[in-house]
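Reviewing the structure listed below.
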Amino acid sequence: MAGLAPIFLIAAIIVVVFLFLYYVPILLWFSALVSGVRISLIQLVLMRIRKVPPGVIVRALIEASKAGLPGVKRDELEAHYLAGGHIENVVHALVSAAKANIDLNFQMATAIDLAGRDVFEAVQMSVNPKVIDTPPVAAVAKDGIQLIAKARVTVRANIKQLVGGAGEETILARVGEGIVSSIGSSVSHKAVLENPDSISKLVLGKGLDAGTAFEILSIDIADIDIGKNIGAGLQMDQAEADKNIAQAKAEERRAMAVSLEQEMKAKAQEARAKVIEAEAEVPKALAEAFRSGNLGVMDYLKFKNIEADTAMRDSISKPGNKPPKKD
């Protein structure tokens with residue numbers, strides 16, 4: 001046990017030195033001092049206690065100092081870190097904006113960063129505009145021909161609109177709407193194919209970047225393809241619909257005619273039944289006339305002769321019947 005005491009002592013000393021250097025970053029303080037950044041050693045210790053990494057803050061202060069940015073302070077960097085911001089991106093963006101003569105202060109940069117946008121990428125996009133390819137946009141000209149257009153939109157980040165401004169999806173939606181409106185107002189698809197830059201001028205003149213985080217620099221039509229003949233298809237569909245309607249109406253009239261025919265047949269049968277019923281009353285009337293003395297035997301014979309002559313004339317008047325030969 002006596003031989004292990006020096007080893008435990010050396011290990012304890014190493015742990016104490018490590019904890020001391022961790023909470024008292026002397027090397028980091030010396031690096032800041034030689035870089036021209038004045039910060040006390042006590043502040044570095046307090047950063048450790050406040051759960052703020054001193055290395056990140058010191059490196060950001062050194063970068064801002066070397067770039068000549070007077071508005072970057074230690075307290076503001078700590079507050080931004082504790083708020084969940086990205087200190088490195090903010091300082092890089094401020095340095096890039098200063099080199100590119102872009103008006104960007106520390107408050108605006110931190111607001112953009114806390115809004116969820118990459119402020120450094122936004123500054124780079126302000127210097128180097130970004131090209132966005134729109135998906136195929138289908139539109140129909142007045143002559144009924146469908147055109148499928150693809151556009152390339154060159155945008156530049158609008159620093160002042162990054163907080164609360166709409167993103168790329170809104171730009172693409174507005175450009176697509178403008179292309180559809182421009183093609184739809186064209187008299188024929190040939191005019192669009194002959195002069196595609198008219199679409200770009202019309203869409204660009206509508207101010208589609210209002211309320212967005214970008215500034216549209218140009219809209220170029222990359223490709224236009226001819227699609228379907230929508231007008232002819234609609235006319236065929238309309239003709240088919242009219243034909244079906246006419247067929248339905250004709251079927252309705254035919255059904256009504258059949259119903260009327262059946263109704264007339266029923267009325268004819270009813271009238272024929274009434275005639276038969278009336279004819280059945282004739283023998284009764286003759287019998288009553290015989291009983292009452294209003295009809296004699298000779299009168300009855302004359303009636304039968306007349307009836308026989310009438311039957312013969314009816315049979316002769318029918319086609320195919322010949323009168324009987326007389327002996």
Side-chain angles (χ1 to χ4, degrees), residues 115-118 121-122 124-257:
R117 298 184 182 272
D118 193 338
E121 182 182 354
Q124 287 182 331
M125 193 183 297
S126 297
V127 179
N128 297 320
K130 181 180 179 181
V131 178
I132 305 175
D133 292 331
T134 64
V137 179
V140 181
K142 290 184 178 180
D143 58 355
I145 304 300
Q146 183 188 51
L147 296 177
I148 303 173
K150 296 180 181 179
R152 290 180 178 175
V153 185
T154 304
V155 296
R156 179 173 58 192
N158 190 352
I159 301 296
K160 296 181 180 179
Q161 294 287 341
L162 283 177
V163 179
E168 295 183 7
E169 293 80 5
T170 303
I171 292 291
L172 293 177
R174 291 182 180 180
V175 171
E177 180 184 356
I179 292 175
V180 171
S181 176
S182 177
I183 295 177
S185 62
S186 300
V187 178
S188 67
H189 71 285
K190 296 180 180 180
V192 178
L193 295 175
E194 292 174 357
N195 192 16
D197 59 339
S198 61
I199 301 176
S200 304
K201 294 179 181 179
L202 182 61
V203 175
L204 193 60
K206 291 186 176 182
L208 303 178
D209 53 1
T212 65
F214 303 96
E215 178 184 356
I216 298 178
L217 300 179
S218 66
I219 299 175
D220 302 315
I221 302 300
D223 186 21
I224 297 181
D225 296 328
I226 298 178
K228 301 178 181 179
N229 192 337
I230 303 297
L234 293 176
Q235 291 178 359
M236 292 174 61
D237 294 341
Q238 184 63 40
E240 184 68 20
D242 294 340
K243 185 190 75 171
N244 293 334
I245 293 174
Q247 288 179 348
K249 290 183 178 179
E251 183 65 23
E252 181 182 359
R253 290 193 297 269
R254 189 191 68 82
M256 291 180 63

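Please read these numbers as outputs of a predicted model, since none were measured by experiment. Basis for what follows: all heavy atoms, side chains included, without hydrogens, waters or symmetry-related copies.
Within a 6.0 Å radius of CD in Gln146, other residues, nucleotides and ligands contribute more than 12 heavy atoms. For Arg152, the CZ atom is loosely surrounded, since the number of other residues' heavy atoms within 6.0 Å does not exceed 12.
In this structure, Lys243 pairs ionically with Glu240, as a charged nitrogen and a carboxylate oxygen lie closer than 4.0 Å. At a threshold of 4.0 Å, the pair Lys249-Glu252 does not count as salt-bridged, since none of the basic side-chain nitrogens sits closer than that to a carboxylate oxygen.
With contacts defined as side-chain heavy-atom distances shorter than 4.5 Å, the pair Val137/Val175 does not qualify. Residues Lys150 and Asp133 fail the side-chain proximity criterion, which asks for heavy atoms closer than 4.5 Å.
For the residue pair Leu193 and Pro196, the shortest heavy atom distance occurs at O-CD, 3.7 Å. In terms of heavy atoms, Ser188 sits closest to Ala141 at C-CB, 3.9 Å.
For the atom pair Ile171 CD1 and Thr134 OG1, the distance stands at 12.0 Å (nearest 0.5 Å). We find the CE-CD1 distance between Met125 and Ile159 to be 9.5 Å, quoted to the nearest 0.5 Å. In this structure, Ile183 CD1 and Ile221 CD1 are separated by 7.0 Å, a value rounded to the nearest 0.5 Å. Between atom CD of residue Glu121 and atom OG of residue Ser126 there is a gap of 10.5 Å, rounded to the nearest 0.5 Å. With rounding to the nearest 0.5 Å, the separation of CD in Glu194 from OG in Ser186 is 11.0 Å. Taking CZ from Arg174 and CD1 from Ile216, the interatomic distance works out to 8.0 Å, rounded to the nearest 0.5 Å.
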Decide yes or no on side-chain contact (heavy atoms from CB on, under 4.5 Å) for Asn158 and Thr212, but give the supporting numbers first.
CA-CA 8 Å; Asn158 190 352; Thr212 65; over 6 Å; no
Chi angles and distances behind the side-chain contact (heavy atoms from CB on, under 4.5 Å) call for Ile226, Leu147:
CA-CA 5 Å; Ile226 298 178; Leu147 296 177; 4.0 Å; yes
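For the side chain to side chain contact (heavy atoms under 4.5 Å, CB included) with Val131, the qualifying choice from Val155, Thr154, Asp220 is Thr154, the only one to do so.
Counting only distance, with no hydrogens or angles, the side chain of Ser181 and the backbone of Glu177 share no donor-acceptor pair below 3.5 Å.
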